[in-house]
Amino acid sequence: MAKIVLGMVASHGPLLGTPPELWTGRVQADLQNPALAYRGKTYNFAELSTLREAENFGPQIELPVRQKRYDACQRAIAEMGRVFAEVKPDVTIMLGNDQMEIMGEDNQPAIMVYYGDRLDNVPFSDEQKQRLGPGVAVAEPNHHPKEAKTYPGHPELGLHLIASLMARDFDVSVSRIMPEQKESRLTGIPHAFGFYYQRIMGDTTPPTVPIFTNTFYPPNRPSGKRCYDMGVALAAAITDWDKDLRVAILGSGGMSHFVVDEKFDRDFLEAFSERDPTKLLAIPDNFYRSGNSELKNWIPTKSAMDVAGLKMTLVDYQPLYRSLAGTGSGMGFAYWR
Ligand SMILES: [Fe+2]
């Protein structure tokens, strides 16, 4: 019987791979964004600056503060890597999302299990780099290697998870071949998955089944409750798997971004760390917009870990502010073992 031995959740945003003096590059993207999502509504940069003026972000975006928080995140990532190497799972299930990288408007599955035998992580071409938003290219090593790399998938586990989820009334989409999208012309795994390979798993890259949840794009975003239930179903599927293997579940993304909402992040963390999911599942769905929505990759990790009876350790939380409007990313890291 397979066994869950490790769970992890980690933010993956580009600021984690961008020296603090260059964060202003991403502010250009904030200035161009007409719909910065904050507490269920959207604002342009000027409107958001006015709305949040009283929070006085000036001191929070001073370079020494940015550097201190960035350094804390690097230490947290290193700690996650240390724990991963120490536990050394035989196989991983990665919970992430696509951001119009390999899926597009022609087909956007709510939940998709990839059961192919390989995961390619492919760097941007020069042409793709030119099409990236401001301040993204500098952070490429956060999720892409210098040269394309291929990692093992786990078709057998993938097919087992698909059958188990279907048997538990999760009508998942499936893919044996990693999708490609005409618009982005990107190939290989999206950044949510690449982050774990680049920043946490190091040289230990066990066979992996990625599960894609559409956290970002209406009209078919699964609810927090659905994601929670999926984690419970995944835990049951692993226990049912007739293999003597040690399994890790790795959730990728979040916390609040591209507008930092420290209160939301801290309330989320409090609810998230409670065994009883009542508070967690009471968070209104309109808080899960834009990058915040990636926390829906954390929720099934948590519910699976609760079933497995593993104990959560919060490694760190850091609010990385980059502008007077409070844009940036809330970065959180936790594991269970
Ligand atoms: Fe992301």
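Both ligands and their constituent atoms are indexed starting at 1 by order of listing.
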Output field: ring centroids [X]/[Y] closer than 6.0 Å:
X      : Y      : result
His143 : His12  : no
Tyr288 : Trp298 : no
Phe212 : Phe193 : yes

Return each pair, listed once, that meets side chain to side chain donor-acceptor pair (under 3.5 Å) where at least one residue sits in residues 315-332; pairs must be two or more places apart or across chains.
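Sorted result for residues 315-332: Asp30-Arg322, Asp30-Thr327, Glu262-Tyr321, Asp265-Tyr317, Asp316-Gln318, Ser323-Thr327.
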Answer yes or no: are there more than 12 heavy-atom neighbours, outside Asp242 itself, under 6.0 Å from its atom CG?
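Not buried by this count: 12 neighbours or fewer within 6.0 Å.
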So, the side chain of Gln181 versus the backbone of Met100: is there a donor-acceptor pair under 3.5 Å, distance only?
yes
Under 2.8 Å from the Fe ion (ligand 1), how many protein N, O or S atoms can be found?
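That number is 4, waters not included.
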